[in-house]
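Here is the naming used below: chain letters follow the sequence lines, and residue numbers restart at 1 for every chain.
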Amino acid sequence: MQINLDHTINSGQVFLWEKFDSVWYGINGGDVLAVDADNPKLVSSFVKSDYDLFRDNDEFNHVIKSISKDKTIKDATRKFSGLRLMRQDPFQCYISFIASSNSNLQNIKSSLKNITKKFGDKVKFNNKEFYTFPEPKKLAKATKQELLSCGLGYRVPFVMKASNLVSTSHIDFDYLKKADYLTAKESLLQVFGIGDKVADCILLFSLEKLEAFPLDRWIIRSLQQYYPGRFSFEGKTITKNKYQTLHQEIVQYFGPYAGYCQQFLFKLIRESNQKKWL
DNA sequence: TACTAACCTGTACG
DNA sequence: ACGTACAGGTTAG
C-alpha cells in the first residue's frame, strides 16, 4: 500500500519536519532526511543510513486488517490511507515528548527547533541549511539559562535530568528496545518529567512497542466520541490508575497493533476539530 | 490511595 | 487594546 507522507507527518508523531516544494525534510537525531511526498519510498539522508523509516517490515496490509475491528477504524484507515508510524531516533523522541507536556504544537516545535539551533550541528544538505538534534552528552552539558532561552519553561529541569540519565547510560535505549512493553515503560516512568502518556509516546514512536497507546486529551475525546460506553471513563481527565485499566481494555479490543489505531484516532479527532499541523 | 492545584510560555479569543 | 483561558501532562501536596 502507498505511503501518504502528508498524512504520516501531519499526525502528531514528529515535530521537526518541514516541506519545501514537494519534498519533506526532517531532523532525525544526527541525521537529516529528505523524502519526496510523491515518491516516499526514496529516502535520502545527510548521513548514510538505511533504517526502515516507515516500518515496511510491519506488513502494513496485515496491520490494517488486524486493527479493523469496527466501522470507525475501517473508515479512518480508508480516509487516511497511507498513514504510517515512523521509526524515530529515540533520544530526540524522548526529549521531544518530555518537552510536549501541557504545551501545544506550535510551542513544542519552537522549543525543539531552538534546541537544535543552540546545541545541534549545522549541516548543508540539498543546498539548504539544517541543524541536527544534539547528542545526549551535548544536551546534558546545557545550562539552565540556555535551556530556558529555548522556551521550555518549567520543563527545563525535566530535560536536564533526562539528558543526564541517557548520557550516563542509566537509560539505555537499545536495552529498552529489547525489553518487553511493561518493563520498558517502568524504566521510563522513573525519569523525572515522564508520566504515562509521554512514556507511551516514546515507546510507540521510537522503541518498537506497538501495543503502546498514548492516552492524551485528544484521544480521550476521540474515544468518547466514537466509542461511547465501550471503555471505562469517568470525567475528562484521566488518573494514574484509570490509565492502566483503560490501556488494558484498549489492547484487548484493538489487539497487538493498538498503537496504529491511536494514530488514526488522533488524526481523526484533530481533523474534525480543524486543528493545525506542521 | 485518590484527587487537585500549580506550572513556563506563546497565542487565540473576548 | 489588554486581560484571560488554555494547550499533545506531570509533579507535589
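Computed from coordinates, the Leu189(A) CG to dG9(C) P distance equals 16 Å when rounded to whole Å. To the nearest angstrom, P of dT9(B) lies 13 Å from CG of Asn102(A). Rounded to a whole Å, the CG atom of Leu105(A) is 12 Å from the P atom of dG9(C). Atom CG in Leu152(A) sits roughly 16 Å away from atom P in dG9(C) (whole-Å rounding). When rounded to the nearest whole Å, the span between NZ of Lys275(A) and P of dC6(C) equals 12 Å. Rounded to whole Å, atom P of dT11(C) lies 10 Å from atom NZ of Lys161(A). Rounded to an integer number of Å, the gap from Tyr154(A) OH to dA5(B) P is 16 Å. Leu112(A) has its CG atom 12 Å from the C1' atom of dG8(C), to the nearest Å.
Aromatic ring centroids of Phe264(A) and Phe80(A) lie 6.0 Å or more apart. Ring-centre distance between Phe97(A) and Phe15(A): below the 6.0 Å cut-off.
Between the C1' atoms of dA6(B) and dA5(C), the separation comes to 15 Å (whole Å). Rounded to whole Å, the separation between the P atoms of dC8(B) and dG13(C) comes to 14 Å. Separating the P atom of dC3(B) from that of dG8(C) is a span of 25 Å, rounded to the nearest Å.
Taking 3.5 Å as the limit, the base of dT9(B) and the side chain of Asn107(A) contain a donor-acceptor pair of atoms between them. Contact of Tyr243(A) with dG9(C) (side chain to base): no donor-acceptor pair of N or O atoms is detected under 3.5 Å.
When atom types are taken as modelled, the side chain of Asp216(A) and the backbone of Trp218(A) share a donor-acceptor pair closer than 3.5 angstrom. Within the 3.5 Å criterion, the main-chain N or O of Leu268(A) finds no donor-acceptor partner in the side chain of Lys79(A).
Among dG9(C), dT11(C), dC3(B), the nucleotide with an atom closest to any side-chain atom of Asp216(A) is dG9(C).
Within the 4.0 angstrom heavy-atom criterion, base atoms lie near Ile108(A). Residue contacts shown for Ile219(A) are absent, as no nucleic acid heavy atom lies under 4.0 Å away. Gly12(A) comes within contact range of at least one nucleobase, with a heavy-atom separation under 4.0 Å.
Using a 4.0 Å cut-off, some side-chain N or O of Asn241(A) falls inside it from OP1 or OP2 of dA2(B). Neither OP1 nor OP2 of dG8(C) sits under 4.0 Å from any side-chain N or O of Arg155(A).
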Quiz item: Which string of ( ) [ ] | and . matches DNA chain B, if you list each base 5' to 3' and count Watson-Crick or G-U pairs only when both distances are under 3.5 Å?
Solution: ..|||||.||||||
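In this structure, Val198(A) and Asn104(A) both approach DNA chain C, and ranking their closest nucleotides by distance from the 5' end singles out Asn104(A). Both Phe192(A) and Trp218(A) lie close to DNA chain C; mapped to their nearest nucleotides by heavy-atom distance, the more 5′-ward contact belongs to Trp218(A). Heavy-atom nearest nucleotides on DNA chain B were determined for Thr239(A) and for Gly153(A), and the one closer to the 5' end corresponds to Thr239(A).
Aromatic ring pairs are classed by plane angle as parallel below 30°, tilted from 30° to 60° and perpendicular above 60°; the pair Phe254(A) and Phe213(A) is parallel. The aromatic rings of Tyr94(A) and Phe91(A) lie tilted to each other, with the angle between the two planes from 30° to 60°. Ring pair Tyr227(A)/Phe231(A) is tilted by interplanar angle, where 30° to 60° counts as tilted.
Residue ring and nucleobase are stacked for Phe266(A) and dG8(C), with a centre distance beneath 5.5 angstrom and an angle between planes beneath 30°.
Contact check on Asp58(A) versus Arg84(A) returns no salt bridge, with no Lys/Arg side-chain nitrogen under 4.0 Å from an Asp/Glu carboxylate oxygen.
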